[in-house]
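Written out below as structure tokens is the structure these notes cover.
Chain identifiers are assigned alphabetically (A, B, ...) following the order of the sequence lines, protein sequences preceding nucleic acid strands; residue numbering begins at 1 within each chain. Just so you know, these numbers come straight off a predicted model, no measurement behind them.
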Protein chains: 2
Amino acid sequence: MKTPTGDQALIKRMNTAIVLESVLQGAPLSRADISALTGLNKATVSSLVQDLIDSGLVREIGTGQSSGGRKPVLLEFVAESGYAVGVDLGVNYVRGVLTDLRGGVAVERTARLAKTSPDEVFGILRPFIQSLVDEAPESAFGVVGIGVGVPGLVDRGGAVLYAPNLGWRDVPLQDALNRAFGIPVLIDNEANVGAIGERKFGSGRGIGSMIYVSVGMGIGTGLILQKELYKGAAGFSGELGHLSIEASGPPCRCGNRGCWELYASEQALLARAAEAGIGEGTLDSLLALAEGGDEQARALFAGIGESLGVGVANIVNVFNPEAVVIGNTMSRARPWLEEAMSRTTEARALNFHLRGIRLLFAELGDRSAVMGAAETAIAAFFKRLRSA
Amino acid sequence: MKTPTGDQALIKRMNTAIVLESVLQGAPLSRADISALTGLNKATVSSLVQDLIDSGLVREIGTGQSSGGRKPVLLEFVAESGYAVGVDLGVNYVRGVLTDLRGGVAVERTARLAKTSPDEVFGILRPFIQSLVDEAPESAFGVVGIGVGVPGLVDRGGAVLYAPNLGWRDVPLQDALNRAFGIPVLIDNEANVGAIGERKFGSGRGIGSMIYVSVGMGIGTGLILQKELYKGAAGFSGELGHLSIEASGPPCRCGNRGCWELYASEQALLARAAEAGIGEGTLDSLLALAEGGDEQARALFAGIGESLGVGVANIVNVFNPEAVVIGNTMSRARPWLEEAMSRTTEARALNFHLRGIRLLFAELGDRSAVMGAAETAIAAFFKRLRSA
DNA sequence: CTTAGTTTGTCTATTGGCTAAACTAAGTTT
DNA sequence: AAACTTAGTTTAGCCAATAGACAAACTAAG
């Protein structure tokens with residue numbers, strides 16, 4: 001029964017959060033606007049706004065237009081009152097951003113990753129992150145957190161349990177980075193942070209339930225249900241790449257058979273291309289061929305599109321989401337995939353579930369994950385604010 | 001921005017709910033116990049308990065054992081301060097219960113349903129429910145609500161959009177019952193209320209994330225994620241029966257191919273039995289055969305078990321739940337299904353996700369849905385209490 | 001250029017829920 | 001019987017939100 005009980009401090013925290021939220025959403029706006037918008041009394045708003053100004057999160061930016069009386073004093077959120085670092089750790093690259101608290105990118109940087117052992121990666125990651133932290137301008141809250149997306153299974157404590165493409169098992173990355181920087185660090189799966197990135201900054205802005213499908217060498221998914229990232233009982237869920245779509249299909253390395261990613265990933269595409277003897281074993285070469293009008297290449301992409309559609313239809317039936325967003329490298333093949341994918345999805349999913357659904361592609365391209373990682377850190381900062 | 005703002009009344013509602021919850025969970029217990037349990041001040045608890053006693057929800061039941069000082073006055077929840085009606089509307093039956101606010105069954109009743117047109121069903125349903133309402137003893141809150149589970153797609157407004165087995169389309173059942181009884185009515189899918197029933201009263205007691213799989217003529221599912229029933233964007237989700245497990249399998253009436261329910265439902269079992277020429281076209285006859293040692297029948301059940309396992313493995317990979325509960329008629333075949341199902345699930349699901357998972361069968365048998373329907377009404381009553 | 005009317009934002013007194021601490025009640029232990 | 005314990009109530013005070021009065025700053029009509 002360790003439910004937090006209600007006291008006056010709770011009320012103040014709640015209302016402060018409401019005020020801050022309205023400034024974040026609706027800036028520039030006046031105290032009177034906030035009062036009208038939230039239903040809070042003018043005096044209450046005044047008092048809470050003063051606290052926010054004192055803490056450096058909000059500032060006055062001069063007066064606005066009068067509507068027949070005293071001019072309002074406009075307020076805005078001080079995005080530069082703090083900064084966050086987002087990191088996308090790939091199999092052969094590291095991408096990082098330094099953003100302000102609104103997600104505005106101050107610095108962006110990429111490095112190659114030659115070796116992938118935990119120690120070697122950490123050797124590169126540490127100075128990489130340090131340089132981003134060092135570049136943060138002076139601010140009220142400093143660097144409030146570091147978010148990291150990794151291509152693997154991450155537990156609730158931020159340990160990488162299993163990352164086959166990096167060859168990692170049980171790497172306590174969050175602890176290590178926490179110790180190294182003394183700043184809150186949050187590690188999550190690449191698809192999960194990608195989902196957060198697309199929902200906050202990309203094609204899923206404002207959507208309540210959205211499934212992000214990261215189609216790269218494999219398929220990972222991030223589930224946003226009722227506006228929140230859904231994690232399973234143990235903290236990892238959404239391994240939709242290993243949803244079996246052919247129960248009697250070929251075995252997958254995961255132990256199951258006929259997994260979706262065997263049919264619809266970049267790896268599947270490259271395998272089929274190799275069989276057909278076209279391309280040079282890279283997505284780029286096949287994209288170039290398709291672009292150039294090569295029918296065989298286009299047919300290959302259309303086939304992947306159909307396989308994607310089979311899985312997306314399953315997703316639609318299971319989750320009845322508002323949107324499905326296709327991201328990661330395969331999103332670049334949109335022109336050659338989209339029609340086949342939509343057609344297959346529409347043919348296979350339940351009619352009622354298709355009403356109003358949106359099949360989208362990632363707007364942030366290969367930056368979904370970095371931006372989502374930064375947003376993870378920002379969101380955690382706001383959550384700390386709210387509860388203290 | 002119509003977030004409810006915080007004021008003192010909110011605090012009181014929250015703390016009252018906390019106190020009531022602890023009485024519900026831990027009765028019998030004293031005011032002092034509640035104070036220790038919740039962290040609320042003794043004075044606060046005394047005051048809130050008095051309000052609850054005044055409203056009739058809680059009562060004193062004499063003194064308990066002293067532990068070296070004044071004897072505590074023990075409190076308990078007054079389950080009979082209100083009643084709820086739960087209804088399970090099947091294709092050829094209606095089952096109903098009248099329960100107290102703790103879910104204790106006061107009256108249980110079943111009727112056959114010969115015709116299934118909306119009008120005819122309503123003609124039977126109305127007096128059926130009325131008789132349950134009439135039997136409710138005098139109480140502080142009276143009959144607080146009516147919950148109904150139906151075999152079909154239900155929208156957020158309680159209209160039955162599509163119930164193929166009843167031949168219904170767009171039947172505004174909730175409105176109709178609401179008008180007829182003037183009591184809050186909640187309609188939901190049979191699998192959803194079944195999930196609620198098993199989680200509250202059955203094998204899923206206290207589990208945070210649980211997937212209930214209702215295996216009858218078809219397969220329906222109820223998703224309980226983070227302690228709450230998950231509904232999709234449009235209010236219907238969890239059509240896992242139409243999750244395709246063989247992308248190139250036979251077409252399903254839903255438009256997709258190779259749907260799970262084509263392989264693992266009662267209908268699938270009966271079809272295979274007919275092919276093999278055993279049984280009499282009923283589940284009962286096949287159960288009798290299996291019971292009697294018929295190897296062919298047992299093999300048939302084992303086959304269904306495997307097919308169930310394929311889908312359950314998908315569920316485990318997608319949701320990483322704490323438990324999967326198999327319910328509805330097919331749960332009676334547990335002895336002949338369980339081993340094959342568990343084996344298949346374990347072979348196919350991701351290792352990390354299997355840790356600590358529980359594969360259960362419905363404890364309430366064919367009463368999961370009625371009890372869940374009643375619980376839906378009870379939960380709505382408590383929710384109303386909390387917000388007013 | 002008054003003067004009335006509006007709008008913004010602050011100040012003030014009040015309300016109401018929670019709390020610590022004092023207190024009463026009713027037991028047990030030595 | 002005195003000393004200690006525990007249960008529950010009473011009391012005084014705190015604090016956040018609020019309604020309403022008010023001051024400040026503006027517009028617009030006469």
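Note: CD (A/Gln50) to P (D/dA16) measures 15 Å, nearest angstrom. The interatomic distance linking A/Leu74 (CG) with C/dG9 (C1') rounds to 13 Å, in whole Å. Here D/dT18 presents its P atom at 11 Å from CG of B/Leu10, a figure rounded to the nearest Å. Rounded to a whole Å, the CD1 atom of B/Ile34 is 19 Å from the P atom of D/dT6. Rounded to an integer number of Å, the gap from A/Leu29 CG to C/dT7 P is 17 Å.
Between B/Phe319 and A/Phe319, the distance from one ring center to the other falls under 6.0 angstrom.
A sub-4.0 Å separation between OP1 or OP2 of C/dT10 and a side-chain N or O of A/Arg31 is present. B/Ser30 has a side-chain polar atom (N or O) that falls below the 4.0 Å cut-off from OP1 or OP2 of D/dG8.
Taking a cutoff of 4.0 Å between a charged side-chain nitrogen and a carboxylate oxygen, B/Glu80 and B/Arg59 qualify as a salt bridge.
Residue B/Val73 is classed as a sugar-phosphate contact, given heavy-atom separations below 4.0 Å to backbone atoms only.
Legend: residues meeting salt bridge (charged side-chain N to carboxylate O under 4.0 Å, His left out) with A/Asp51, ordered by chain and number and at least two apart, are A/Lys12.
Closest approach of B/Ala233 to A/Ser209, counting heavy atoms only: CB-OG, 3.9 Å.
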Inset, instruction - Give the intermediate values and the outcome of salt bridge (charged side-chain N to carboxylate O under 4.0 Å, His left out) for residues A/Glu228 and A/Arg199. - result: CA-CA 10 Å; A/Glu228 288 197 14; A/Arg199 172 167 140 77; over 6 Å; no

Legend entry - salt bridge (charged side-chain N to carboxylate O under 4.0 Å, His left out) between B/Glu322 and B/Arg358, worked out: CA-CA 6 Å; B/Glu322 284 168 60; B/Arg358 293 195 272 165; 5.4 Å; no

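Looking only at distances, no side-chain donor or acceptor of A/Thr63 sits under 3.5 Å from a matching main-chain atom of A/Val73. Remark: side-chain polar atoms of B/Thr376 are paired, donor with acceptor, to backbone N or O of B/Gly372 under 3.5 angstrom.
A side-chain N or O of A/Glu198 and one of A/Ser203 form a donor-acceptor pair less than 3.5 Å apart.
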Inset, instruction - Could you encode protein contacts along nucleotides 16-26 of chain C as a string, one character per nucleotide from 5' to 3', using B for base contact, S for sugar-phosphate-only contact and - for no contact, with a heavy-atom cut-off of under 4.0 Å? - result: BBSBB----BB

Legend entry - Secondary-structure notation, DNA chain D, from Watson-Crick and G-U pairs under 3.5 angstrom (| other strand): ||||||||||||||||||||||||||||||

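Toward the 5' end of DNA chain C, the nearer of the two residues B/Ser66 and A/Glu60, judged by each one's closest nucleotide, is A/Glu60.
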